[in-house]
Amino acid sequence: NVKVDTFNNSNIHYLKFGETIKSIEYGAFKDMILLKNVTMDFNDYYSVLNGTILERNEGNKRTIIGTYGDDKTMFNEGYFDTVDIIGIAPYAISNISVYDEALTKKGYSFYIPSTMTEVSDYAFNNSKVYAYNKDERKEIQLGIYMFHTLKEIGDYAFSNSSLTLIKYETKVEDNQYVPLGEGIEVFGEGAFQNLDVINLIIPKSLKTIKKDCFKGTKPINVFYEGTKEDYIFLIDEAHNLVERARTMYSASICKEDFLE
């Protein structure tokens, strides 16, 4: 059994699990940025594939519980042809290291597998993408691509991460582009806290934005799909909204300055 704190503050580069492994708690691989390789003897509970540590579920279904390797994981279509990824466990995507110079210039793209319906709570929480050039290390942008199969973004799923871009994949249908992100219905509590998101698109299918979802995040552009008739906004604590807005955003004006 592997507990959540088994590898705390470790500098482990290589892990080998035997066939007797039966339990790995979610978050066990959190912040293991030096982990280069993981091997695992065949067992009924876990496996490794393409830089990911997978929990076996029913049939061919798998849940990502950790990542490893220099480039960690960069999901795209076809990346997991042999299994169906149905979930990303809490803290499964830890710090990502990138050594490809081309990626360091344009940022790092992460595709949420189209077999997933939910990004779990804390899945990418505090996940940073670092580019390495010789002895230098710098944080670069993380772009997330989502498919129409995704229904919910869990609580604090991307908070305090390198996420700067959320993009919904599109397809051509009857000669028209259809945004596949339209399936998303819930943004969880604190899901996008403390980010430097450049563009934020609110899909027409979205029904719920939970408490503190964007706290500390200042998107430059916010786009709403559909028309204004498609949206009804319920604002918490609206009774003092005007007073709070005036205090937070209005500059003070002194009569004396004008009289002088």
Side-chain angles (χ1 to χ4, degrees), residues 1-97 108-127 129 142 144-158 161 183-184 186 188 191:
N1 298 327
V2 177
K3 301 294 185 181
V4 68
D5 58 351
T6 298
F7 304 120
N8 267 8
N9 302 313
S10 67
N11 293 320
I12 294 175
H13 290 253
Y14 176 83
L15 279 174
K16 177 179 174 59
F17 293 98
E19 61 182 12
T20 57
I21 187 71
K22 291 184 177 180
S23 173
I24 300 176
E25 292 185 0
Y26 292 163
F29 304 101
K30 180 183 177 183
D31 297 329
M32 294 188 70
I33 61 175
L34 298 179
L35 188 59
K36 301 296 183 182
N37 193 26
V38 176
T39 59
M40 189 170 299
D41 292 340
F42 181 81
N43 64 85
D44 295 331
Y45 303 97
Y46 301 96
S47 61
V48 293
L49 177 66
N50 293 343
T52 59
I53 305 161
L54 304 176
E55 179 182 58
R56 294 178 183 270
N57 305 107
E58 182 181 353
N60 205 38
K61 298 175 180 177
R62 302 288 186 271
T63 298
I64 298 172
I65 63 171
T67 59
Y68 64 89
D70 290 345
D71 291 335
K72 297 288 184 178
T73 54
M74 189 172 79
F75 295 164
N76 52 40
E77 291 185 271
Y79 201 87
F80 289 104
D81 283 341
T82 58
V83 295
D84 293 331
I85 301 299
I86 61 170
I88 300 175
Y91 304 108
I93 311 300
S94 189
N95 293 331
I96 300 170
S97 302
Y108 188 87
S109 298
F110 196 108
Y111 288 74
I112 302 295
S114 59
T115 48
M116 283 180 50
T117 59
E118 176 185 1
V119 176
S120 302
D121 298 349
Y122 297 93
F124 290 81
N125 181 270
N126 205 37
S127 177
V129 183
L142 170 64
I144 296 292
Y145 289 74
M146 301 180 182
F147 291 85
H148 71 293
T149 52
L150 201 64
K151 301 298 182 184
E152 182 171 351
I153 306 297
D155 295 346
Y156 305 96
F158 295 101
S161 69
I184 297 177
V186 179

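Given the structure is predicted, the values throughout are model-derived calculations rather than measurements. The first residue of the sequence shown is numbered 1, and numbering continues consecutively from there.
Shown here for Ala191 and Gly154, the closest heavy-atom pair between the two residues is CB-O, 3.6 Å.
For residues 117-127, no pair satisfies salt bridge (charged side-chain N to carboxylate O under 4.0 Å, His left out), with sequence neighbours left out.
Within a 6.0 Å radius of NZ in Lys61, no more than 12 heavy atoms belonging to other residues, nucleotides or ligands are found.
Separation of atoms CG (Asp84) and CD (Glu58) is listed at 11.5 Å; rounding is to 0.5 Å. Separating the CD1 atom in Ile65 from the CZ atom in Phe29 is a distance of 5.0 Å, to the nearest 0.5 Å. Note: Arg56 CZ to Arg62 CZ = 4.5 Å, rounded to the nearest 0.5 Å. With rounding to the nearest 0.5 Å, the separation of OH in Tyr91 from CD1 in Ile93 is 14.0 Å. Separating the NE2 atom in His13 from the CE atom in Met32 is a distance of 9.5 Å, to the nearest 0.5 Å. A distance of 12.0 Å separates OH in Tyr45 from CD1 in Ile24, rounded to the nearest 0.5 Å.
The salt bridge (Lys or Arg N to Asp or Glu O under 4.0 Å) check on Lys3 picks up Glu25, with sequence neighbours excluded. For Asp5, there are no side-chain hydrogen bond (donor to acceptor under 3.5 Å, both in side chains) partners, not counting sequence neighbours. Thr63 is linked by a side-chain hydrogen bond (donor to acceptor under 3.5 Å, both in side chains) to Asn57, counting only residues two or more places apart in sequence or in another chain. Qualifying salt bridge (Lys or Arg N to Asp or Glu O under 4.0 Å) partners for Asp41, counting only residues two or more places apart in sequence or in other chains: Lys16. Annotation: ring pair (Phe, Tyr, Trp, His ring centres under 6.0 Å) contacts of Tyr156 (sequence neighbours excluded): Tyr122.
A distance-only check finds no donor-acceptor pair linking the side chain of Tyr46 to the backbone of Ile21 [under 3.5 Å]. Within the 3.5 Å criterion, the main-chain N or O of Ile85 finds a donor-acceptor partner in the side chain of Thr115.
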Check: Under the side chain to side chain contact (heavy atoms under 4.5 Å, CB included) criterion, do Ile12 and Leu35 qualify, and how do the steps go?
Finding: CA-CA 6 Å; Ile12 294 175; Leu35 188 59; 4.2 Å; yes

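Within the 4.5 Å cutoff, the side chain of Ile64 has no heavy atoms near those of the Ile53 side chain. You'll find the side chain of Phe7 reaches within 4.5 Å of the side chain of Val2, heavy atoms only. With a 4.5 Å cut-off on side-chain heavy atoms, Lys22 and Asn1 count as touching.
Classification of the Phe124-Phe158 ring pair by plane angle, with boundaries at 30° and 60°, yields parallel.
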